Peer 1: 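Quick one: structure below, then a few questions.
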Amino acid sequence: MGQAFQVYAFLCGARDYHAMDCYQSAKQLYRDKQVMVVTDLLAAEGLESLATDDDIVEKLLIIDRFLIRRRCRLADLWRNVLKMAVLPIQAWKLKRFYQRHPDTIFLAHGMYYMRLAQQARVPYIGTPQGSEILVRPYQSKAYCRFATKALLGAKAVTVDSTLMQEKIQQLCGVRAHVIQYGIDLSTIHRVYDEQAVRKGAPFLSVRGIEPLYRTQELVAARNRSKHYSQQPMNLIYPHYKDEYLKATETTIRQGDQMMGRLSREDMYRLMNQSEIAFSIPMSDSSPRVVYEAVFMGCVCVIARNPYYERLPKCMQQRLVVADVEEPDWFDKAVDAAYAKTSERFEPTEEALEMFDQVRQFKHVHALIESLR
C-alpha cells in the first residue's frame, strides 16, 4: 500500500471559478481530510478572490500588487513574464510547504500551476484548461515544451473532453482521464424559479469578451439581423481583454447591457429570466456556462464543437448548433431556438450524474485513491 493522502491542496488562482468550485466540492465531500487552497494570486486585474473567511488559504508569494489593474494585452504579457520570473521562488515555497505536510496531494489547475508543482517536485494531479491544450501549443514551441514538462510530471492528468484527451496523447503520449467539471446543481435548484417570466427577454451572451469567444462578431451579427436587430442583448463576462472590450462596446445598441462579472446566484437568476443564450467561441472543450444556462431553462445557440456529441440527448435538445460562417446564421439560429423555448427542460438521470460537480469530484477522489 502506498502513501495515504490526508491533505487535498488545490494549487490555483483564488479567482479561478473552475478550480474553486472543485475545491468547494471537495470540502463538501471530505470531512476527514484537510482541504485547502495554495495560491500566488488572490484578487487583481479587476477580479475578486473567490475564497471566503471559512476557507484555508496557504499563500505563496502573492503577486497581486505587482499586476496591472485592468485586463488587457499588456497586462496578460506582464503577468506571464512576472509569474515566470518568480517561478523558482514559488517552487521553493511550495517545496517548503510540502516538507511540512508530506501527506499532501496537490490538485494543480492550469498549466502554470502544473509546471510549478513539477518544478517543486511535489505529487500533483494536473488539470489544464482548454486553450492550454487546444490552442497555445500550436502557437509557440516554447509553450509546447513548457506544457509537455508539466504534463509528464503529473501523477495523473484530468480533462473535461475527449478532444483534450486526444490532443494530450498526441502532444506527449500521456493518457489523460476524462472527468466532467460539473456545475453547482444545489445552487441551481435553490435559485431556479419555474414561474420566471422569460418571454421577450433580451438575448444573453455568456462568455468572456475576448477574441476567442467572438463576442464582437456575435453583437455585429445581431445588428445585421433581418428580424432581430432591435432585440436587446445582455452581456455577462467573467473576464475580458481591454482592447477587445472597447471594440465590442462600439457595436452595442440602445437597450444592450454590459453586465460584467456577476455572482453565481445573480448569473443564475439572469439565466432564469432569459430565453436564448449564445456561446460561439472559435474552439471549446466543455463549456460549463452553457450547461448552467441549459439547467436554468435557456436554449443555447452554440458553435459546433466536439463536446456536443458527448452530451445526453436531453441536453442536445436544448442547443442549436450554428454555422457562424453563413451570412444569415444569426436569424436561422434564433428561429430554431425560439422553436424550442416553449418546452421545459427536464434533465435525465444521465445528465444529473454527468453534471453534478459533487458527484463528478468523486471520480477525482477515486483517481487519487488509485495512486496510493
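Quick caveat: nothing in here was measured; it's all calculated off a predicted structure. The chain is numbered in sequence order, starting from 1.
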Peer 1: Which residues pass the side-chain contact (heavy atoms from CB on, under 4.5 Å) test with Gln99, not counting sequence neighbours?
Peer 2: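 If we apply the side-chain contact (heavy atoms from CB on, under 4.5 Å) test to Gln99, skipping adjacent residues, the hits are Lys95, Arg96.
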Peer 1: As a quick check of understanding, evaluate side chain to side chain donor-acceptor pair (under 3.5 Å) for Arg115 and Gln118, giving each step before the final call.
Peer 2: CA-CA 5 Å; Arg115 184 69 176 87; Gln118 185 268 334; 2.4 Å; yes
Peer 1: Give a yes or no on whether the backbone of Ala120 and the side-chain of Trp92 come within a donor-acceptor separation of less than 3.5 Å.
Peer 2: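 Absent.
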Peer 1: Could you check Ser225 against Asp331 for side chain to side chain donor-acceptor pair (under 3.5 Å), going step by step and ending with a plain yes or no?
Peer 2: CA-CA 6 Å; Ser225 169; Asp331 287 83; 2.9 Å; yes
Peer 1: Report the C-alpha distance between Leu87 and Gln119 in whole Å, list the side-chain angles of each, state the deciding distance to 0.1 Å, and finish with yes or no for side chain to side chain contact (heavy atoms under 4.5 Å, CB included).
Peer 2: CA-CA 8 Å; Leu87 181 60; Gln119 186 156 324; 3.4 Å; yes
Peer 1: According to salt bridge (charged side-chain N to carboxylate O under 4.0 Å, His left out), who are the partners of Arg190, at least two apart in sequence or on a separate chain?
Peer 2: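 Arg190: salt bridge (charged side-chain N to carboxylate O under 4.0 Å, His left out) contacts with Glu265.
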Peer 1: Salt bridge check, Arg264 against Asp21: does any charged N sit closer than 4.0 Å to a carboxylate O?
Peer 2: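 Result for this pair is yes, salt bridge flagged.
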Peer 1: Test: salt bridge (Lys or Arg N to Asp or Glu O under 4.0 Å). Region: residues 156-168. Which pairs qualify, not counting sequence neighbours?
Peer 2: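 Residue pairs passing salt bridge (Lys or Arg N to Asp or Glu O under 4.0 Å), neighbours aside: none found.
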Peer 1: What do you reckon, are the aromatic ring centroids of Phe330 and Phe203 less than 6.0 Å apart?
Peer 2: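 Ring centres of Phe203 and Phe330 closer than 6.0 Å.
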Peer 1: Has the side chain of Gln231 got a donor or acceptor atom that lies under 3.5 Å from a matching backbone atom of Ala201?
Peer 2: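 Answer holds: yes.
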Peer 1: State whether the side chain of Asn272 and the backbone N or O of Ala196 hold a donor-acceptor pair below 3.5 Å, judged by distance alone.
Peer 2: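 No, the answer is negative, given that no donor and acceptor are paired below the 3.5 Å cut-off.
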Peer 1: Apply salt bridge (charged side-chain N to carboxylate O under 4.0 Å, His left out) to Arg65 and list each qualifying residue two or more places apart in sequence or on a separate chain.
Peer 2: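 For Arg65 there are no salt bridge (charged side-chain N to carboxylate O under 4.0 Å, His left out) partners, ignoring immediate neighbours.
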Peer 1: Would you please test Asp193 and Tyr268 for side chain to side chain donor-acceptor pair (under 3.5 Å) and show each step?
Peer 2: CA-CA 10 Å; Asp193 178 7; Tyr268 287 167; over 6 Å; no
Peer 1: Please say yes or no: joined through hydrophobic side-chain contacts below 4.5 Å, possibly via intermediate residues, are Ile183 and Ile302 part of one cluster?
Peer 2: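 Cluster IDs for Ile183 and Ile302 match.
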Peer 1: Can you see which heavy atom on Ala322 is nearest to which on Trp329, and at what distance?
Peer 2: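 Shortest heavy-atom separation between Ala322 and Trp329 comes out as CB-CE3, 3.7 Å.
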Peer 1: State which residues pass side-chain contact (heavy atoms from CB on, under 4.5 Å) with Pro211; sequence neighbours excluded, sorted by chain then number.
Peer 2: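 Expected list: Lys241, Tyr244.
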Peer 1: Restricting to non-hydrogen atoms, name the atom on Pro128 and the atom on Thr158 that form the minimum distance, rounded to 0.1 Å.
Peer 2: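 Between these two residues, the closest heavy atoms are CD-O, 3.5 Å.
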Peer 1: Strictly distance-based, threshold 3.5 Å: is any side-chain N or O of Thr39 a donor or acceptor partner for the main-chain N or O of Cys12?
Peer 2: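 It does hold such a pair.
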Peer 1: Before accepting this row, confirm whether a basic side-chain N of the pair Glu309/Arg304 lies closer than 4.0 Å to the acidic partner's carboxylate O.
Peer 2: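 Counted as a salt bridge, because a side-chain N and a carboxylate O are separated by less than 4.0 Å.
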Peer 1: What heavy-atom pair brings Val294 and Phe345 nearest, and what distance separates the two atoms?
Peer 2: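 Closest heavy-atom pair between Val294 and Phe345: O-CD2, 3.5 Å.
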Peer 1: Under the criterion ring pair (Phe, Tyr, Trp, His ring centres under 6.0 Å), I'd like the reasoning laid out for His239 against Tyr213: C-alpha separation, chi angles, the key distance, then a yes or no.
Peer 2: CA-CA 11 Å; His239 46 81; Tyr213 301 112; 5.7 Å; yes
Peer 1: Between Glu249 and Ile252, what is the shortest heavy-atom contact and its length?
Peer 2: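 The pair with the smallest heavy-atom distance is O-CG1, 3.2 Å.
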Peer 1: Roughly how far, to the nearest 0.5 Å, is the OG atom of Ser285 from the CE atom of Met164?
Peer 2: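 One finds 4.5 Å between CE of Met164 and OG of Ser285.
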Peer 1: For Ala91 and Leu116, which heavy atoms make the closest approach, and how far apart are they?
Peer 2: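 So the two residues come closest at N-CD1, 3.3 Å.
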Peer 1: When you look at Arg269 and Asp266, which way does the salt bridge (charged side-chain N to carboxylate O under 4.0 Å, His left out) test go after all the steps?
Peer 2: CA-CA 5 Å; Arg269 290 189 184 95; Asp266 286 343; 3.2 Å; yes
Peer 1: Atom CG of Leu60 and atom CG of Leu41: how far apart are they, to the nearest 0.5 Å?
Peer 2: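 Between Leu60 CG and Leu41 CG, I get 11.0 Å after rounding to 0.5 Å.
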Peer 1: Looking at CD of Glu217 and OG1 of Thr251, how far apart are the two atoms once the value is rounded to the nearest 0.5 Å?
Peer 2: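 Result: 9.5 Å between the selected atoms.
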Peer 1: Excluding sequence neighbours, so at least two apart, what forms side-chain contact (heavy atoms from CB on, under 4.5 Å) with Lys340?
Peer 2: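 Checked Lys340 against side-chain contact (heavy atoms from CB on, under 4.5 Å); matches are Val299, Val320.
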Peer 1: Just to verify, what does His365 make a ring-ring contact (aromatic ring centres under 6.0 Å, His included) with, not counting sequence neighbours?
Peer 2: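 Expected list: Tyr30.
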Peer 1: What about Val289 and Val191, same hydrophobic cluster or not, with Ile/Leu/Val/Met/Phe/Trp/Tyr joined at side-chain heavy-atom distances under 4.5 Å?
Peer 2: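 The answer is yes; both residues are in one hydrophobic cluster.
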Peer 1: Return the set of residues passing side-chain contact (heavy atoms from CB on, under 4.5 Å) with Val358 (not counting sequence neighbours), or none when no residue passes.
Peer 2: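 Partners of Val358 by the side-chain contact (heavy atoms from CB on, under 4.5 Å) criterion, ordered by chain and then number, come out as Ser25, Gln28, Leu29, Asp356.
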Peer 1: Do the side chain of Gln165 and the main chain of Ala176 share a donor and acceptor less than 3.5 angstrom apart?
Peer 2: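 Yes, Gln165 side chain to Ala176 backbone: donor-acceptor pair under 3.5 Å.
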Peer 1: Check step by step if salt bridge (charged side-chain N to carboxylate O under 4.0 Å, His left out) holds for Lys362 and Glu353.
Peer 2: CA-CA 11 Å; Lys362 290 180 180 179; Glu353 173 65 31; over 6 Å; no
Peer 1: Do other residues, nucleotides or ligands put more than 12 heavy atoms under 6.0 Å from Arg121 CZ?
Peer 2: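 No, the 6.0 Å shell around CZ holds no more than 12 heavy atoms from other groups.
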Peer 1: With sequence neighbours left out, what residues match Tyr112 under ring-ring contact (aromatic ring centres under 6.0 Å, His included)?
Peer 2: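 Expected list: none.
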Peer 1: Answer yes if the side chains of Ser286 and Tyr291 hold a donor-acceptor pair under 3.5 Å, and no otherwise.
Peer 2: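 Present: a donor and an acceptor within the cut-off.
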Peer 1: Hydrogens and angles aside, do Tyr240 and Glu210 bring a side-chain donor and acceptor to less than 3.5 Å of each other?
Peer 2: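 No donor-acceptor contact under 3.5 Å links the two side chains.
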Peer 1: Is the closest side-chain donor-acceptor distance between Tyr113 and Asp16 under 3.5 Å?
Peer 2: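 No, because no side-chain N or O of Tyr113 sits under 3.5 Å from a partner of the opposite role on Asp16.
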Peer 1: Who pairs with Asp256 by salt bridge (charged side-chain N to carboxylate O under 4.0 Å, His left out), at least two apart in sequence or on another chain?
Peer 2: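 Result, salt bridge (charged side-chain N to carboxylate O under 4.0 Å, His left out) vs Asp256: Arg222.
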Peer 1: Find the distance between CZ (Arg310) and CG (Asn305) and round it off to the nearest 0.5 Å.
Peer 2: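 Rounded to the nearest 0.5 Å, the CZ-CG separation comes to 13.5 Å.
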Peer 1: Take a 6.0 Å sphere around CZ of Arg344 and say whether it holds more than 12 heavy atoms from other residues, nucleotides or ligands.
Peer 2: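 Check passes, neighbour count above 12.
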Peer 1: Could you grab the distance from atom CE of Met296 to atom NE2 of His189, nearest 0.5 Å is fine?
Peer 2: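 Going from CE on Met296 over to NE2 on His189, the span is 10.5 Å.
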Peer 1: Quick one: does Arg288's side chain have a donor or acceptor within less than 3.5 Å of a partner on Phe355's backbone?
Peer 2: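 Checking the backbone N and O of Phe355 against the side chain of Arg288, no donor-acceptor pair under 3.5 Å is found.
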Peer 1: Less than 4.0 Å between a side-chain N and a carboxylate O, is that true for Arg359 and Glu349?
Peer 2: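 A salt bridge is present here (some side-chain N lies under 4.0 Å from a carboxylate O).
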Peer 1: Anything under 3.5 Å between a donor and an acceptor, one on a side chain of residues 274-282, the other on a protein residue two or more places apart or in another chain? List them.
Peer 2:
from: Ser274; atom 1: OG; to: Leu270; atom 2: O; distance (Å): 2.7
from: Glu275; atom 1: OE1; to: Gly200; atom 2: N; distance (Å): 3.1
from: Ser279; atom 1: OG; to: Arg207; atom 2: NH1; distance (Å): 2.7

Peer 1: Report the distance from atom NZ of Lys155 to atom OG of Ser370, rounding to the nearest 0.5 Å.
Peer 2: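 The distance works out to 10.0 Å.
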Peer 1: Give me the atom names and distance for the closest heavy-atom approach of Met354 to Gln180.
Peer 2: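 Scanning both residues completely, I find the closest heavy atoms to be O-CG, 3.2 Å.
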Peer 1: One thing to verify: whether Asp40 and Lys83 come together as a salt bridge, which I'm taking to mean a side-chain N less than 4.0 angstrom from a carboxylate O.
Peer 2: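 Salt bridge: yes.
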Peer 1: My understanding is that only residues two or more places apart in sequence, or in another chain, count here; which of them pass salt bridge (charged side-chain N to carboxylate O under 4.0 Å, His left out) with Lys246?
Peer 2: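 So Lys246 forms a salt bridge (charged side-chain N to carboxylate O under 4.0 Å, His left out) with Asp242.
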